[in-house]
Amino acid sequence: MGETAECCSTHLIDGDGIFNATGLDAFIKEVKLSECGLSYAVVSIMGPQSSGKSTLLNHLFCTNFKEMDAFKGRQTTKGIWMARCAGIEPCTIVMDLEGTDGRERGEDDTAFEKQSALFALAVSDIVLINMWCHDIGREHAANKPLLKTVFQVMMRLFSPRKTTLIFVIRDKTRTPLENLEPVLREDIQKIWDSVPKPEAHKQTPLSTFFNIEVVALSSYEEKEEQFKEQAGNLRQRFYHSIAPGGLAGDRQGVVPASGFSFSAEQIWKVIKENRDLDLPAHKVMVATVRCEEIANEKCAAFITNKEWCELEDDVKSHLVPDFGKKLSSMLETCFSGYDNETSFFEEGVRTAKRKQMEEKLLQLVHPAYKTTLEHIRSETVEKFNKAFESALSEGQGFASAARNCKTSIMKLFDGRCEGAMIKQVEWNSSKDREKLSRDLDALIDGVRNSKLSDLSTLYESKLNEALHGPVEALLQATNEDTWPAIRKLFKRETQITVSECSTALSGFELKEDATKDFLSKLENYARDVVEKKAKEEAGRVVYLMKERFTSIFNHDSDQMPRVWTGKEDIREITKAARASSLKLLSVLAAIRLDGDADKIADTLVITLLDPTKVAVKSSSSNDPLASSTWEKVPASRTLITPVQCKSLWSQFQKETEYTEANKRSSNWLPPPWAIVALFVLGFDEFMTLLRNPLYLVVIFVSYLLMKALWVQLDIASAFQHGFVSVIECLSLASRAYRNALVIHQGYSCHPQHSEKALGARTKAKSSTHFLVSSSFHALPVNNNVKLYKTPLENLEPVLREDIQKIWDSVPKPEAHKETPLSTFFNIEVVALSSYEEKEEQFKEQAGNLRQRFYHSIAPGGLAGDRQGVVPASGFSFSAEQIWKVIKENRDLDLPAHKVMVATVRCEEIANEKCAAFITNKEWCELEDDVKSHLVPDFGKKLSSMLETCFSGYGHISAYIQAFLVFFEKKDYKVNYDNETSFFEEGVRTAKRKQMEEKLLQLVHPAYKTTLEHIRSETVEKFNKAFESALSEGQGFALAARNCKTSIMKLFDGQCEGAMIKQVEWNSSKDREKLSRDLDALIDGVRNSKLSDLSTLYESKLNEALHGPVEALLQATNEDTWPAIRKLFKRETQITVSECSTALSGFELKEDATKEFLSKLENYARDVVEKKAKEEAGRVVYLMKERFTSIFNHDSDQMPRVWTGKEDIREITKAARASSLKLLSVLAAIRLDGDADRIADTLVITLLDPTKVAVKSSSSNDPLASSTWEKVPASRTLITPVQCKSLWSQFQRETEYTVTQAIAAQEANKRSSNWLPPPWAIVALFVLGFDEFMTLLRNPLYLVVIFVSYLLMKALWVQLDIASAFQHGFLTGMLSLSTKVIPAILNILRKLSEQGRRPNRRLFDANRY
């Protein structure tokens, strides 16, 4: 039982001849055959069908081959089975071949017999030939024809090897074996002699190829015990069968156990694919295969060559000097090596393979060559760019610079292309040269277009800046000379710009037509700027007219707000304002750049402004404005048509009609004395209302009704447009109210109408749905459609039967002739109802089917038994490769068997050693340590590991290895040289070299990481040393030189300790990289220090200049800019002197020092200019602040009280003059001290009231420009046009302050006016009529009233009642309550004193 348990078997080749490679690999792994080396044997058995072969093997080797059922008598073994012989050492593999001459195979029996027999003889050390005892001596028995064919073919197909043939005679009769054996040997010798042999083996005896032995066994059925005993004796002979003297002791050409699987598969493949056994000549085949292998090795070696890899990587990133020379040397080395190794092979094959290798390598390096040419082209293009830019910056003409630079660059390209050529091939670089020439031409064209575009943009921006603002100012000024001034400005600026542009274009050497076209476009652009601005102003003409009207109507000649006292001639003021607005409309009605005369202004004045002719013109059919064109003005130059002018004038009149002439506040309350008088005089009427409260209710209701009508009808706004408009508005409102009342009554009286309408809509909707539903169900069923009710259980067998018939009818290859359908497919059948007729049932069935797709790949799922699944991450690549194999699959040219097996096995062993090295604990620990830190003695440790892997313990023979494997010394470390010692030397050496390259490539990252650690540590040490040196006070340059020298020496010493003795890796590039890193680090620290130094002194300059400059600019007096210049010069000199001292330790070049200090001076200038720009950006705010401060405060900085005595006009002029001074100071930067006339121009143009009208009517407006006289644009902060606009904005925003002051003065004046309003006077007259008549009849009452007035006046002044009631009525009453009694007592005391004085005088007189 123990031996049987050790046995395992596999079906090696099935009945269709399919080789089971997967099963064989699994079998070898299970029996651990690959560990046996050469210590294993292969036994096979062949013979007729049902001759007891399997039974013999089961008893002989304790296998478990299936035996024939005696009762059924059918074939049991199909193809070839393989099993391990249990309990036999060394490891013995036995193969059970399908019996020959079988009924089942029929005509195909002969072919398969030959193939299987040939395979058995090729792979087996011992072959058992099972034969019946009574077949000895017969011509067609004992497999004699088969043996004859096998002997003949074997000598041609395979190299000679010694095989032991054991003829097992079954069911031995009484004839002694000594008599049977000679007969059998004689028959075998006859077969051998009759086989045709090649010349090399004409006289070769049978014993050279085969050892012949004969054994006899009794009948298993009749003498079972004797059979088992004889089988046991025969079994003993298989122990140590490969040892000298054993059954296979003199075998030859043994394949190592690890290569058995591949060898057997290839042998069977050769046998299957060469039915006629017509193989190529051995010498040519070996030469072909071997030369191709050597060529592949050389190609692989070249691909993995360190120099080539470095060259290829370098080529990808930059241009490699002497590329052609380096690559030619590498290729020459590779080709000479191939020639040396293939010198003994056939010349034709060798030359062909060399040519293929050359093509392959040249194809491999060609991308690098093309990349080199691309780098050359890129560098030459870059050099062309730099040379071209340099030539242009030096002032050369564009065309001249382009020609010279292109010529020199093309010569440079030709020289570099010669240096990149490879001597093994003549590649042509003419296409690259042509491409470079095209690229340079395209680059020149692009730069030309870019420069011309920049030139166009530059001069267009100049034209836009020179025309946009001035044209806008001139159009808004609108006087008789507006368009002449615009034409003059347009002509002057266009001529200047075109002249400058023409000079700039001369260097481009353009054609005359192109130059004219360019300048013409510039002139057209200038015209477009003017026309566009005119169209913009025409689009907002109503707004501009209203602004002009409001400005003239509400301001006097000094630009002061008008005070409507009643003495002004409003009619004349309105006419003047309208005339000015109409002038603006006429100016903007058409474009007059060409100077053509027109009558637009006269037509508009006569038609719209003259009141005596308006009625006549409106009633006449020949209305000049009833047209869409102006006389003698083309439509292209028309901005506002006559009809539009008329409409705009009407709109303008409506919107300016309600301008309030008198803005005097309306105080409806009478003065206090009038209120007291009303109360006294109307006392009787008030008492009447109190006695009859119903009067109060009627008055109150009337007031509410009138108030509601006033608000609802908006009577106040309606009266703005006249009395007729009020009547129309009231009539429309009453009609709308009446309609609303009727609609409300209709709905309230007949609510059923709405219900019926709603019900009708609802019924129509439901009816529609019903009709749709009815029409859907009433669709007729097609008569050709039959609804089957056959169950799925009845349909499925029919469908499966049809599928099986299709499968059976499909042509199949030999390997799958008998393969059932279930091997490839799982068939399942489902049924679904009609989606249209039974939608719900269909969805339910589809949902049930969907559930089956959940976990479909789990065991028992729809795809639970799938095989060979590709991982999802590799699906894309797998699909691509599968299609590629399907498309390109052809007949395969196989290498010679022995070389091929050696190649495969050596590669496997090399891979195993590489894998062992990769998983080696010491290497893994070393690799992990290297990743985290620098490992001491790295080179020594790694060299020891690699030496052990390559050479190990010295040379050990194959027999010692077999002995060690036999005793299962699994802890013995066998290196590559020892394990591959029995393979061909050339293959072994090549694979060893590949392994070395692979391992060195594997450890190279660790070596590079170690160098990186060394470099990092040295950089850290450099940083510390450098910082220490700087902190000790050493100069920057001196400290950098000393620290770098010491660090480079330290790096060289540590690199020597990291070297590996198996290879000479060069660390010069790392040393250069370290040197570059240190230089970059020094540069970075230098830049950082210089940046910190710059920041420090810039902050000092900013602190010294920012605040003082801001204070000086806001002070704005005559000495503002001289003070700023003095401050700027002083602070800049101090800071530059300190910085120059600090820079001395850096040992910078003189130019660099000057540049650094120059940047510092420029920064100081930028601080001042930036602050000036900031203040200029909020100049309106500053002007308003200055104006408000001066206007609202007196000379003592006390708030002004507008009592009516102040001269608001003069105060306003002074405040505006100060604000204008601030504007002139901030209009330009005056750091260089150049004189200008900005202040005078602004004062004359904007402030002097006597010259405003003159300047506005003059065409030479100083502010209608974008530049100041003698002030460059770079120093201009606010242009003249902007000054004009800002002054207008300033006036608008400060006008309210002046108006409030004037209103305060007027209110103060009104406060002294004791007359009540007219309504109060009327009320006093009506209510006090009787009292007035009484006073007239009794003059004494007037005396009493006068005395009472004097008394009340005295109380009013004494108690200061006016100021008491300023804070409210309650506060006034409380204040009076505390003052009235003492005041009355004071008055009474004075009266009593006055009364005593006459009495005292009388008493004194009487006494005297």
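A donor atom on one side chain and an acceptor atom on the other are not found under 3.5 Å apart for Asp14 and Asn20.
Closest heavy-atom contact between Ala41 and Asp125: CA-OD2, 3.4 Å. Closest of all the heavy-atom pairs between Arg170 and Leu56 is NH1-CB, 3.8 Å. Across Gly79 and His11, no two heavy atoms sit closer than the pair CA-NE2, 4.4 Å. Scanning all heavy atoms of the two residues, the minimum distance from His240 to Pro90 falls at CA-CD, 3.6 Å. Smallest separation of non-hydrogen atoms from Ser9 and Asn64: OG-OD1, 3.4 Å. For the residue pair Asn130 and Gly52, the shortest heavy atom distance occurs at ND2-C, 3.9 Å.
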Using the side chain to side chain contact (heavy atoms under 4.5 Å, CB included) rule, take Glu229 and Ser218 through it: C-alpha gap first, then chi angles, then the decisive distance, then the call.
CA-CA 10 Å; Glu229 180 181 357; Ser218 301; over 6 Å; no
Test Asp193 against Gln189 for side-chain hydrogen bond (donor to acceptor under 3.5 Å, both in side chains), laying out the working first.
CA-CA 6 Å; Asp193 294 338; Gln189 187 62 45; 3.0 Å; yes
Give the intermediate values and the outcome of side chain to side chain contact (heavy atoms under 4.5 Å, CB included) for residues Val123 and Trp268.
CA-CA 10 Å; Val123 302; Trp268 179 252; over 6 Å; no
Step by step, would you call Asn211 with Asp250 a side-chain hydrogen bond (donor to acceptor under 3.5 Å, both in side chains)?
CA-CA 9 Å; Asn211 293 323; Asp250 55 351; 3.0 Å; yes
Does Cys133 form a side chain to side chain contact (heavy atoms under 4.5 Å, CB included) with Thr175? I'd like the steps, not just the answer.
CA-CA 9 Å; Cys133 182; Thr175 306; 5.7 Å; no
Pair Glu181-Arg185, salt bridge (charged side-chain N to carboxylate O under 4.0 Å, His left out): steps then yes or no
CA-CA 6 Å; Glu181 184 174 355; Arg185 287 184 179 273; 3.0 Å; yes
Show your working on side chain to side chain contact (heavy atoms under 4.5 Å, CB included) between Val214 and Leu180 and close with a plain yes or no.
CA-CA 9 Å; Val214 181; Leu180 295 173; over 6 Å; no
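One distance of note links CD of Gln230 with CG of Leu60; it measures 12.0 Å at 0.5 Å rounding. One finds the CD1 atom of Ile28 at 7.5 Å from the CE atom of Met82 (value rounded to the nearest 0.5 Å). Taken from CD1 in Ile126 to OG1 in Thr164, the straight-line distance is 5.5 Å, to the nearest 0.5 Å. Rounding to the nearest 0.5 angstrom, the gap separating the CG atom in Leu128 from the CD atom in Glu213 is 10.5 Å. With rounding to the nearest 0.5 Å, the separation of CD in Gln236 from CD1 in Ile88 is 8.5 Å. In this structure, Leu33 CG and Glu30 CD are separated by 12.0 Å, a value rounded to the nearest 0.5 Å.
By the ring pair (Phe, Tyr, Trp, His ring centres under 6.0 Å) test, Phe227 pairs with His59, Tyr220, sequence neighbours left out.
Crowding of Lys228 atom NZ: a count of heavy atoms from other residues, nucleotides or ligands under 6.0 Å exceeding 12.
Looking only at side-chain heavy atoms (C-beta outward), Met46 and Ser116 stay at 4.5 Å or farther from each other. Proximity of Ile242 to Arg251: side-chain heavy atoms (C-beta onward) are separated by under 4.5 Å at one or more points. At least one side-chain heavy atom of Ile212 sits under 4.5 Å from a side-chain heavy atom of Phe167. The shortest distance between side-chain heavy atoms of Leu121 and Phe210 falls below 4.5 Å. For the pair Ile45 and Asp96, the minimum side-chain heavy-atom distance is below 4.5 Å. Two residues are said to be in side-chain contact when any heavy atoms from C-beta on lie closer than 4.5 Å; Glu265 and Leu24 fail this criterion. Contact annotation: the side chain of Ile169 never approaches that of Val215 to less than 4.5 Å [non-hydrogen atoms, C-beta and beyond]. Side-chain contact between Val127 and Ile166 is absent, with no heavy atoms from C-beta onward closer than 4.5 Å.
Within the 3.5 Å criterion, the main-chain N or O of Lys190 finds a donor-acceptor partner in the side chain of Ser194. Counting only distance, with no hydrogens or angles, the side chain of Thr63 and the backbone of Leu57 share a donor-acceptor pair below 3.5 Å.
Residues Phe65 and Trp81 place their aromatic rings such that the two centres sit no closer than 6.0 Å.
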